[in-house]
Protein chains: 2
Amino acid sequence: MARVGLSTERLVRAGAELADEIGFELVTASELARRFDVKVASLYSHVKNSQDLKTRISLFALEELADRAADAIAGRAGKDALVAFANVYRDYGRDHPGRAAAARMRLDPETAAASAGVRHAQMTRAILRGYDLTEPDATHAVRLLGSVFHGYASLESAGGFSHSAPDSEETWTRILDALDALLRNWPTEPTP
Amino acid sequence: MARVGLSTERLVRAGAELADEIGFELVTASELARRFDVKVASLYSHVKNSQDLKTRISLFALEELADRAADAIAGRAGKDALVAFANVYRDYGRDHPGRAAAARMRLDPETAAASAGVRHAQMTRAILRGYDLTEPDATHAVRLLGSVFHGYASLESAGGFSHSAPDSEETWTRILDALDALLRNWPTEPTP
DNA sequence: TGCATTCACCTAAAGCGTTTAGGCAAACAG
DNA sequence: CTGTTTGCCTAAACGCTTTAGGTGAATGCA
């Protein structure tokens with residue numbers, strides 16, 4: 001019995017690549033086993049179950065994304081940081097659609113709380129230091145930015161903007177301009 | 001053999017309710033058959049396959065949502081219309097999480113083009129008539145609003161804002177204030 | 001080196017969701 | 001009341017998931 005050298009680590013990495021190839025929702029223990037030329041049951045020594053595998057891929061993607069974002073915003077501030085940060089999300093979604101979908105996967109609260117998701121929120125908050133926002137507006141803004149990045153990536157990956165003018169690239173740039181303007185001019189009082 | 005009176009229509013409606021109860025991703029032909037106390041194979045006279053069922057539920061949700069949105073914005077303009085429109089999405093996500101998830105389901109391009117999704121885009125554009133946006137900025141803004149509504153509903157349904165202050169309700173209100181301010185003051189030139 | 005232990009991968013089997021093919025009986029049309 | 005349509009059925013094949021238990025390869029210790 002030739003040992004292939006499976007490990008949780010290798011399964012997760014391969015799962016992430018598989019997700020980029022065929023789509024995250026199609027990643028399955030069976031398919032992964034096939035890739036390793038191994039029987040399905042063998043995976044179950046390394047991951048608890050199919051759900052566990054997907055969760056691990058999601059956590060992996062969140063880490064990878066957070067690492068890239070951290071790199072991107074290092075030494076930048078203000079709009080510069082905002083754009084660099086936002087582009088990490090967008091590029092990740094384009095280069096690694098499967099992993100990006102994995103990163104958007106719904107995690108149960110405890111798992112989410114222990115994930116790199118909190119780093120994402122912290123970095124978003126750090127970017128807002130370049131703008132004059134006090135609590136609770138900073139939190140509102142963090143949530144707005146999260147919604148936009150999440151939502152845009154999701155719609156774009158669903159092909160929402162693909163066959164219409166102007167192209168998605170331009171819209172993305174202009175949305176970042178708009179968000180920058182909004183953050184510099186955040187409405188303190190509800191404007192009736 | 002007691003005839004239950006299945007039809008595509010009834011299956012889709014029941015599927016939508018089922019989605020709200022157990023989550024859209026758990027809606028399955030088998031489960032639906034169980035609800036109707038009918039054998040699974042019987043469903044296949046009414047829907048092509050499992051994917052077809054889910055697509056139909058998604059289209060149903062998109063229609064329902066578009067109808068509600070149309071009601072909400074009738075006779076309103078400006079921020080009033082924006083808020084009413086946005087709240088339809090938010091309320092739908094809270095009252096019908098399964099259908100809302102269905103509405104966010106990825107459809108293939110032709111199906112999407114023939115869906116109520118286009119009505120959503122048209123209504124969004126109609127709301128922007130209350131603001132002074134010319135093309136291509138109007139399109140950018142439509143995409144931004146779509147991203148925010150989509151993203152916020154998605155994050156909220158994943159529990160993203162549930163156990164932290166300030167509460168989601170307040171953030172939502174403030175985000176709408178911010179979007180209104182942004183639309184009234186959309187940056188024409190990139191601000192470096 | 002030889003033996004014991006560990007561990008990676010296997011086979012077998014059960015459970016469940018999907019899907020197709022073909023059959024029977026209820027509803028309906030004339 | 002007879003013939004047709006059609007709604008729901010049984011049967012069966014297939015794929016994914018998961019568990020239980022076995023075998024042989026790697027590893028460690030005397």
Side-chain angles (χ1 to χ4, degrees), chain A residues 1-61 98-99 101-102 105-108 111, chain B residues 1-61 98-99 101-102 105-108 111:
Chain A
M1 322 221 149
R3 295 198 175 192
V4 187
L6 296 185
S7 69
T8 305
E9 174 82 14
R10 285 194 65 198
L11 287 179
V12 171
R13 290 197 113 81
E17 283 160 27
L18 186 55
D20 287 336
E21 283 177 43
I22 65 175
F24 182 58
E25 60 289 344
L26 296 182
V27 172
T28 183
S30 298
E31 185 58 34
L32 201 50
R34 240 171 264 129
R35 298 283 170 131
F36 278 102
D37 203 35
V38 137
K39 297 297 172 183
V40 204
S42 307
L43 303 196
Y44 284 77
S45 317
H46 304 281
V47 293
K48 237 179 64 218
N49 51 41
S50 187
Q51 188 57 36
D52 181 44
L53 171 66
K54 285 187 181 164
T55 300
R56 284 176 190 275
I57 295 173
S58 177
L59 294 174
F60 171 78
R99 301 179 199 200
M105 178 185 133
R106 175 186 201 126
L107 298 174
D108 58 292
T111 309
Chain B
M1 322 223 146
R3 297 199 175 190
V4 186
L6 295 185
S7 70
T8 305
E9 173 83 15
R10 285 193 64 198
L11 287 179
V12 171
R13 291 196 112 83
E17 284 160 24
L18 186 54
D20 287 336
E21 284 177 42
I22 65 174
F24 182 58
E25 62 287 346
L26 296 182
V27 171
T28 183
S30 298
E31 184 59 33
L32 202 50
R34 242 171 262 130
R35 299 283 169 131
F36 278 101
D37 203 34
V38 138
K39 298 296 171 182
V40 202
S42 307
L43 303 195
Y44 283 76
S45 317
H46 304 281
V47 292
K48 236 179 66 218
N49 52 39
S50 186
Q51 187 57 36
D52 180 43
L53 171 64
K54 285 186 182 165
T55 300
R56 284 176 191 274
I57 294 174
S58 176
L59 294 174
F60 171 77
R99 300 180 199 200
M105 179 184 133
R106 176 185 200 126
L107 299 173
D108 57 293
T111 309

message: Between P on C:dA12 and OH on A:Tyr44, what's the gap in Å once rounded to a whole number?
response: 19 Å
- request: List for me each residue that meets side-chain hydrogen bond (donor to acceptor under 3.5 Å, both in side chains) alongside A:Thr111, sequence neighbours excluded, and say none if there are none.
  value: A:Asp108
A:Ser30 vs A:Arg34 side-chain heavy atoms within contact, under 4.5 Å: yes
field: Residues forming a salt bridge (Lys or Arg N to Asp or Glu O under 4.0 Å) with A:Arg56, sequence neighbours excluded
entry: A:Asp52
Polar atoms only, N or O, under 3.5 Å: list the protein pairs with nucleotides 4-6 of chain D and their distances.
unit_1 : atom_1 : unit_2 : atom_2 : d
D:dT6  : O2     : B:Arg3 : NH2    : 3.3

message: Contact between A:Leu32 and A:Leu43 at the side-chain level, heavy atoms closer than 4.5 Å - yes or no?
response: yes
message: Suppose we screen for salt bridge (Lys or Arg N to Asp or Glu O under 4.0 Å). Which residues come up paired with B:Glu17, at least two apart in sequence or across chains?
response: none
query: CG of A:Leu6 versus C1' of C:dA8: gap in Å, rounded?
result: 8 Å
query: Do A:Leu107 and A:Met105 come close enough that some side-chain heavy atom pair is under 4.5 Å?
result: yes
- request: Say whether, by atom type as modelled, one donor and one acceptor occur between the side chain of A:Ser42 and the main chain of A:Val38 under 3.5 angstrom.
  value: no
task: Indicate the atoms forming the closest heavy-atom contact of B:Ala33 with B:Lys39, along with that distance.
output: CB-C, 4.0 Å
statement: Scanning both residues in full, the closest heavy-atom pair of B:Phe24 with B:Ala101 reads CB-CB, 4.0 Å
- request: Check B:Ser58 against B:Ala102 and note the closest heavy-atom contact, atom names and distance.
  value: OG-O, 2.7 Å
field: With B:Ala16 via side chain to side chain contact (heavy atoms under 4.5 Å, CB included) - residues at least two apart
entry: B:Ile57, B:Phe60, B:Arg99
Side chain to side chain contact (heavy atoms under 4.5 Å, CB included) involving B:Ile22 - partner list, sequence neighbours excluded: B:Leu18, B:Leu26, B:Glu31, B:Arg35
Strand contacts (DNA chain C) in residues 34-42 of chain A, 4.0 angstrom heavy-atom criterion: A:Val38, A:Lys39, A:Ala41, A:Ser42
query: Considering only heavy atoms, which members of residues 18-32 of chain A lie under 4.0 Å from some atom of DNA chain D?
result: A:Thr28, A:Ala29, A:Ser30
task: Mind running a 4.0 Å heavy-atom check of residues 46-59 of chain B against DNA chain C and sending the residues that fall below it, in number order?
output: B:Asn49, B:Ser50
Distance (rounded to the nearest 0.5 Å) between B:His46 NE2 and B:Thr8 OG1: 6.5 Å
